[in-house]
> 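Shown below is the structure under consideration.
Letters go in sequence order (proteins before strands), and every chain restarts at 1. Remember, it's a predicted structure, so these values are computed and weren't measured experimentally.
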There are 2 protein chains.
Amino acid sequence: MATTEETYHHGDLRPALIDAVLEIARDGGVEHLSLRAVTRLVGVAPNAAYRHFDDFRALTVAAALVAQDRLAAAMREQTSALLAQVDSAQPAADAAIARLRGVGLGYIHFAIAEPGWFALALLTFDPNSSGEPSVTVDAQVPPPFQLLLDALDGMVEAGALSPTEREHAEWPCWSAVHGFADIATRGPLQRQPAEVLSALGAHVVDRIIAGLHQHQHR
Amino acid sequence: MATTEETYHHGDLRPALIDAVLEIARDGGVEHLSLRAVTRLVGVAPNAAYRHFDDFRALTVAAALVAQDRLAAAMREQTSALLAQVDSAQPAADAAIARLRGVGLGYIHFAIAEPGWFALALLTFDPNSSGEPSVTVDAQVPPPFQLLLDALDGMVEAGALSPTEREHAEWPCWSAVHGFADIATRGPLQRQPAEVLSALGAHVVDRIIAGLHQHQHR
DNA sequence: GGTCCGATGTGGACACTGTGAACATAGTAC
DNA sequence: GTACTATGTTCACAGTGTCCACATCGGACC
């Protein structure tokens with residue numbers, strides 16, 4: 001990995017620090033993160049980080065954005081895999097539903113497979129000091145959330161969801177999927193084997209998708 | 001409040017420490033919790049806590065259990081309030097549904113109204129050192145979760161849910177409600193006004209309840 | 001009634017943490 | 001070759017949880 005020889009000046013410290021955060025978060029969990037552990041891993045003095053980040057928090061957020069991108073990538077992969085199983089002869093609504101399932105299952109499977117990165121990805125929000133209310137984070141929609149919005153809009157286009165049902169539909173979906181990921185990761189299900197979590201996660205996704213339609217109670 | 005005069009021995013330190021944790025968590029948030037802050041508030045040396053708790057973590061968990069009880073109490077109140085609106089002439093299924101809604105709305109409203117206590121209540125789980133898998137925590141079901149299980153069983157008894165639909169139904173419900181509380185508390189909705197959160201929360205609860213029935217997609 | 005003893009709280013110390021200020025070095029531009 | 005700027009280092013400080021030795025109280029025992 002060290003293509004550049006060891007010098008007094010590291011030369012590529014900023015990305016190296018972010019990588020170190022990702023590595024520590026991956027196999028130690030977010031709670032083992034510390035400025036000193038990160039710089040120690042890179043082989044540099046703790047304060048060197050302050051040339052590239054205002055704060056330890058800022059470093060953490062920069063790495064969290066990377067983790068968020070990986071989460072989004074996993075969701076896209078899962079979506080593609082499910083869409084590939086849909087026969088092109090089937091109605092468009094089926095494909096739209098498969099896409100929405102992929103978004104949810106991708107989120108959940110990433111959380112199960114990479115709990116450290118998943119926890120890291122959540123550190124974007126938090127006590128952002130100043131804060132006038134904003135519907136999303138910093139007027140910029142995080143990529144994973146954008147995937148959900150697009151999938152829901154696709155449902156409407158495909159006729160799988162009425163415009164009325166579409167309203168605010170992102171919140172039930174996001175709540176259920178994120179909530180399950182949290183329960184499976186930090187909550188009462190945290191020690192369950194991956195197969196169990198995967199099966200329960202699929203059940204959660206199917207139930208919330210079913211609930212998007214506003215039918216009468218029987 | 002000091003019925004016992006100030007002595008060298010505090011005399012009632014254990015509950016006092018737990019109260020202090022609750023107070024700090026309530027208006028400072030869980031991230032401001034520290035052994036030293038807690039003992040400082042009580043007016044005692046940091047090490048005094050070690051006569052009553054193995055660990056700072058143990059103190060924290062003890063307070064978390066109290067917070068969990070208060071959460072459960074809020075859920076029971078909300079459930080009673082909703083049940084009171086149901087006419088006794090209405091079918092039993094309506095009452096069962098109202099009860100389930102109360103469980104979910106109670107959870108969400110508590111999280112919105114007391115975010116510090118809510119975050120504290122979640123600290124029960126976590127890296128419990130050793131850990132063979134257990135479906136619930138320490139072979140003991142937390143009171144808030146038990147309320148959900150009872151409400152779902154009540155749905156079956158009232159005929160509002162088939163036994164097949166009842167299977168694993170606790171996870172979609174818990175995921176959606178807990179997930180929304182997390183989003184509203186620590187996530188992208190954290191700065192929204194309480195009315196907005198309350199309305200969205202109600203929407204989430206209604207959607208997940210609708211999804212419990214396994215009808216066909218239209 | 002005096003004496004011991006266990007329960008409870010204190011003080012000091014240690015290894016950590018994030019962060020600020022002052023200093024040192026390397027590479028670049030003139 | 002000499003300045004300058006970017007980038008790391010070193011030292012220092014306040015804060016954290018936790019361990020160890022000590023102080024002090026209340027109650028039990030003879």
> Is it true that the side chains of A/Q190 and A/T185 contain a donor and an acceptor less than 3.5 Å apart?
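There is no such pair (donor and acceptor under 3.5 Å, judged by atom type) between the side chains of A/Q190 and A/T185.
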
> Which of these nucleotides, D/dT16, D/dT10, C/dT10, is closest to any side-chain atom of A/A45?
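Per side-chain heavy atoms of A/A45, the pick is D/dT10.
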
> Give the rounded distance in Å between these two atoms: CZ of B/F53 and P of D/dT18.
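After rounding, the gap between these two atoms is 13 Å.
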
> Mind telling me whether B/Y107 and B/F118 have parallel, tilted or perpendicular rings, with 30° and 60° as the class edges?
perpendicular

> Answer yes or no: does atom CG of B/D54 have more than 12 heavy-atom neighbours from other residues, nucleotides or ligands under 6.0 Å?
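12 or below, so no.
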
> Name the closest nucleotide to the B/P46 side chain, picking from C/dT17, D/dT18, D/dT9.
D/dT18

> A/L17 has an atom CG; how far is it from atom P of C/dG18, in whole Å?
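For the pair A/L17 CG and C/dG18 P, the rounded distance is 13 Å.
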
> Nearest heavy atom decides the nucleotide; on that basis, is A/Y50 or B/H52 closer to the 5' end of DNA chain C?
B/H52

> Nearest heavy-atom pair of B/I24 and B/H32: which atoms, and what distance?
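It is CG2-O, 3.9 Å.
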
> Mind calculating the distance between CG (B/D55) and C1' (D/dC19) to the nearest angstrom?
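Going from CG in B/D55 over to C1' in D/dC19 covers 12 Å.
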
> Check the distance between D/dT16's P and B/I24's CD1 and give it to me in whole angstrom.
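Going from CD1 in B/I24 over to P in D/dT16 covers 10 Å.
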
> To the nearest Å, give me how far apart CG (B/L33) and P (D/dG15) are.
18 Å

> Can you find a side chain N or O atom of B/R51 that sits less than 4.0 Å from OP1 or OP2 on D/dC19?
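For D/dC19, neither OP1 nor OP2 has a side-chain N or O of B/R51 closer than 4.0 Å.
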
> Roughly, in whole Å, what's the span from CZ in A/F56 to P in C/dT17?
10 Å

> Do B/N47 and C/dG12 share a donor-acceptor pair, side chain to base, under 3.5 Å?
yes

> Give a yes or no on whether the ring-centroid distance for A/W174 and A/F145 is below 6.0 angstrom.
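Yes; A/F145 has its ring centre under 6.0 Å from that of A/W174.
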
> Under 3.5 Å, is there any donor-acceptor pair linking the side chain of B/R36 to the base of D/dG15?
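Looking at the base of D/dG15, it does not pair with any donor or acceptor on the side chain of B/R36 (distance under 3.5 Å).
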
> Is the shortest side-chain N/O distance from B/R40 to OP1 or OP2 of D/dT16 below 4.0 Å?
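Yes, within the criterion.
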
> Report the distance from atom CG of A/L35 to atom P of D/dG15, rounded to the nearest whole Å.
19 Å

> Rounding to a whole Å, what distance do you find between A/D12:CG and D/dA6:P?
18 Å

